[in-house]
4 protein chains.
Amino acid sequence: MPIADKKKAIFESTLELVKENGFHGTPMSLVAKKAGVAAGTIYHYFESKEVLILELYHYIQQQSIEVLKREDRADIPFQKCFFNLWHGLYTYYSKNTGIFRFFEQFVNSPYNTGQSEFVKDDFHRLLFQFFERGIQEGHLRPISSKILGTLAHSNIISTVKIQVLGGLKLQNGELEQIPLILWDGMQNRNDKS
Amino acid sequence: MPIADKKKAIFESTLELVKENGFHGTPMSLVAKKAGVAAGTIYHYFESKEVLILELYHYIQQQSIEVLKREDRADIPFQKCFFNLWHGLYTYYSKNTGIFRFFEQFVNSPYNTGQSEFVKDDFHRLLFQFFERGIQEGHLRPISSKILGTLAHSNIISTVKIQVLGGLKLQNGELEQIPLILWDGMQNRNDKS
Amino acid sequence: MPIADKKKAIFESTLELVKENGFHGTPMSLVAKKAGVAAGTIYHYFESKEVLILELYHYIQQQSIEVLKREDRADIPFQKCFFNLWHGLYTYYSKNTGIFRFFEQFVNSPYNTGQSEFVKDDFHRLLFQFFERGIQEGHLRPISSKILGTLAHSNIISTVKIQVLGGLKLQNGELEQIPLILWDGMQNRNDKS
Amino acid sequence: MPIADKKKAIFESTLELVKENGFHGTPMSLVAKKAGVAAGTIYHYFESKEVLILELYHYIQQQSIEVLKREDRADIPFQKCFFNLWHGLYTYYSKNTGIFRFFEQFVNSPYNTGQSEFVKDDFHRLLFQFFERGIQEGHLRPISSKILGTLAHSNIISTVKIQVLGGLKLQNGELEQIPLILWDGMQNRNDKS
DNA sequence: CATGAATGAGTATTCATTCAT
DNA sequence: GATGAATGAATACTCATTCAT
């Protein structure tokens, strides 16, 4: 098994277990077992549990970044991109419900030492950049793109949560209305486009 | 010390510690120390750590419920209530940043066995009820009040997070615009009121 | 069982095991078992293995100090005290051969962080003080009492080692000659006493 | 790299690491790294860590033996040889303070299974032989050469320790007096030479 | 009611050793 | 011979919980 695959196996096992049982309920021994390696082997790839979690965080974020990069296209009108991005992320999170549980656990855990995660990581940088464009082009209200980006992202996450944690099935058309609510709210009322 | 006070002391200590160190970094021994009681004493009031956490969750939620009850007044126009509620919860969460950290940790933790917390607890019941009123009175889009309520709440929490976790200082007027964004989005476009 | 007794039981078990197997071969679990307590219990009395070893070091040293205090008497001529002390320590070490093995392991181990142990601890302070007296009274060569004390102590330890580690039985009179060798060497040749 | 050189590299690395961190703080992986070989390679040259330590012990002792052989010369008067030997070993140990730390750790470790090391190894055989000569020639007290040899050696080691572990700088003339103390003590008082 | 010493199962991590390449 | 990834037993330490006082 190539190295990359073994790291990936460890990542996937960890994610799965954290999703089910939380950080605390995810001993390294279980990760090892699920990944099909010996406990000690994990330590060839990751210095410690903390490092494993940290790297997993970035590994996962990479996938959200892919969506961002795919949907933020300069050759497509902003509003179209906006809805594409919303649905893109929504779909991704819906199909990988472990992801945001992991994220929220991570953000509120002792593992997350970086205080201002909003600014530093690539995902947020790209996210904010996208909203910056919307502001520049006059489509969105002229507030900090960081605010708009954060609100939009939490809107998406909430939509997933409503179903996953709230046990609510969205009715006909409801799913389409949610990004509309968001757009209508953030839209620049003077936008003539 | 009356029983109620001792339980309260244990609650406050736990909250404080969870806020600082997370669930995992909050051993019962520390809670006991901080609350000024013996470790064994906690077990007179709470069957187990899990029960303590669970009761704390409800204890804390009570305070959010107060805000809800205070601001949801039938004698005041809905839109006014809406903004009052937004600012009421925002202020409460801002002053008690431990609260939402505790909440998110709790929701994504093994302690939270109740899967569909959206329906069962009083806070969400009242919250959804408030938005139901908005829909009935024709101010809000006719979607599930659960959706609107959840989106609104996450909007508030995000606003706090932007500052607490994102390290962003909101500029002049930005704080006022955020509930506006929310209102504009959720508003029924045919509302003649 | 009173607290003091429990600490003592842990001390004795540790000493016994370190004597047999060295620091590395003395897991806390074994110490616990031998002392008749649970593994976790040790940590009520000692913060860590390091602290246990450190406290044991001082606990043991106390017994050497007793000998020193017993034999260093101002009302008895120095030379007499000298031989009494020599035999006192010799007897003590002979009867407790674990002691000096523990000492030498300790001194050369990572547990011994105090670099200049010769000066700081009570045993050496009293030991050097005794030799200081010998110098002041003109019986011993006028060199640093620290040198004389150290040489004397190592002479005693070596005598024990010859038998314990060297497997040599001392013949008739040999044991008495050894402190004589030491005395003759350290004696001030101009001592008229 | 010739085999001999690779073994030597492993020896030196081990010694260095044991000197700094003790046996316990010297994993094979570190030895390998420092020696510039792969972990597995060590096992081509040494059956186990124990064997490595054992062979290192003998490797190092060889250097003490060199000093002994150099200074024990039949064509030079015994007393002269005695002081030469004292200073020779003293100098050697002073310049290689790792050596005696290694020795004492080794002697008091589980690696040292041989109980009576005093008799078997070459260093002690030669050392005792030297003192035998002193006794035969009538210079030294007629006690077991093993006793005299052991006392003399521990005297030298102590002198080094006073400085290395005790943090004491020897004053003018003190270093010269120490072997004198030893000689005066061990000398045969009827020696007419 | 309150205490806090005692328990012991559970966890992260280390490290000597092996073996497929 | 040489490599270094993989192993897994061993170890220090934590912590929820119990119970004799």
Side-chain angles (χ1 to χ4, degrees), chain A residues 1-3 6-7 10 23-33 35-53, chain B residues 1-3 6 23-33 35-53, chain C residues 1-3 6-7 10 23-33 35-53, chain D residues 1-3 6 23-33 35-53:
Chain A
M1 197 194 287
I3 277 191
K6 198 158 278 186
K7 278 193 92 161
I10 294 170
F23 285 111
H24 185 47
T26 303
M28 295 296 260
S29 55
L30 258 193
V31 171
K33 197 176 187 179
V37 299
T41 303
I42 300 182
Y43 290 85
H44 272 284
Y45 297 96
F46 307 96
E47 222 171 68
S48 65
K49 188 174 183 179
E50 183 173 350
V51 169
L52 165 58
I53 301 288
Chain B
M1 201 194 283
I3 280 191
K6 200 162 274 188
F23 283 110
H24 185 45
T26 303
M28 296 296 261
S29 55
L30 256 193
V31 171
K33 197 176 184 180
V37 300
T41 305
I42 299 182
Y43 288 85
H44 277 288
Y45 297 96
F46 306 96
E47 215 172 78
S48 66
K49 188 176 184 179
E50 183 173 351
V51 169
L52 165 59
I53 299 287
Chain C
M1 197 194 287
I3 277 189
K6 198 157 279 185
K7 278 193 91 162
I10 295 170
F23 285 111
H24 186 46
T26 302
M28 295 298 259
S29 54
L30 257 193
V31 172
K33 197 175 186 179
V37 299
T41 303
I42 299 182
Y43 289 86
H44 272 284
Y45 297 95
F46 307 96
E47 222 172 67
S48 65
K49 188 174 184 179
E50 182 172 350
V51 169
L52 165 58
I53 301 288
Chain D
M1 201 193 285
I3 279 191
K6 201 160 276 189
F23 283 111
H24 186 46
T26 303
M28 295 295 261
S29 54
L30 258 193
V31 171
K33 198 176 183 180
V37 300
T41 304
I42 298 182
Y43 288 83
H44 277 288
Y45 297 96
F46 306 96
E47 217 173 78
S48 66
K49 189 176 184 178
E50 183 174 350
V51 169
L52 165 59
I53 299 288

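We name chains A, B, ... by the order of the sequence lines, and we start the count at 1 in each one.
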(request) Quick one: pull up CE in C:Met28 and OG1 in C:Thr41 and give me the separation to the nearest 0.5 Å. (result) 11.0 Å

(message) As an exercise, state the distance from CG of A:Leu52 to OG1 of A:Thr26, rounded to the nearest 0.5 Å.
(response) 10.0 Å

(request) Output all residues satisfying side chain to side chain donor-acceptor pair (under 3.5 Å) with D:His44, sequence neighbours left out; order by chain, then residue number. (result) none

(request) Using whole Å, report how far NZ of C:Lys7 lies from C1' of E:dA6. (result) 16 Å

(message) According to side-chain contact (heavy atoms from CB on, under 4.5 Å), who are the partners of B:Ala39, at least two apart in sequence or on a separate chain?
(response) B:Ala32

(request) Kindly express the pairing pattern of DNA chain E in dot-bracket notation, using | wherever a base pairs with another strand and counting only Watson-Crick or G-U pairs under 3.5 Å. (result) .||||||||||||||||||||

(request) Using side-chain contact (heavy atoms from CB on, under 4.5 Å) as the criterion, list what pairs up with A:Ser48, not counting sequence neighbours. (result) A:Glu50, A:Val51

(request) Report the distance from atom CD1 of C:Ile10 to atom P of F:dA12, rounded to the nearest whole Å. (result) 14 Å

(message) Test of understanding: with ring-ring contact (aromatic ring centres under 6.0 Å, His included), list the residues that count as partners of B:Phe23, not counting sequence neighbours.
(response) B:Phe102, B:Tyr111

(request) In whole angstrom, give the distance that lies between atom NZ of D:Lys33 and atom P of F:dA5. (result) 12 Å

(message) Please report the interatomic distance CD1(A:Ile42) to NZ(A:Lys6), rounded to the nearest 0.5 Å.
(response) 11.0 Å

(request) Output yes when at least one side-chain N/O atom of A:Tyr45 is less than 4.0 Å from OP1 or OP2 of F:dA6, else no. (result) yes

Quick test: give all pairs of protein nitrogen or oxygen and nucleotides 13-16 of chain E nitrogen or oxygen below 3.5 Å, distance rounded to 0.1 Å.
{"unit_1": "E:dT13", "atom_1": "OP2", "unit_2": "A:Tyr43", "atom_2": "OH", "d": "2.9"}
{"unit_1": "E:dT13", "atom_1": "OP2", "unit_2": "A:Lys49", "atom_2": "N", "d": "2.8"}
{"unit_1": "E:dA16", "atom_1": "OP1", "unit_2": "D:Lys49", "atom_2": "NZ", "d": "2.7"}
{"unit_1": "E:dA16", "atom_1": "OP2", "unit_2": "D:Met28", "atom_2": "N", "d": "2.5"}

(message) Is the phosphate of E:dA2 approached by B:Lys6 (side-chain N or O, under 4.0 Å from OP1 or OP2)?
(response) yes

(message) How many whole angstroms separate atom CD1 of B:Ile42 from atom C1' of F:dC15?
(response) 12 Å

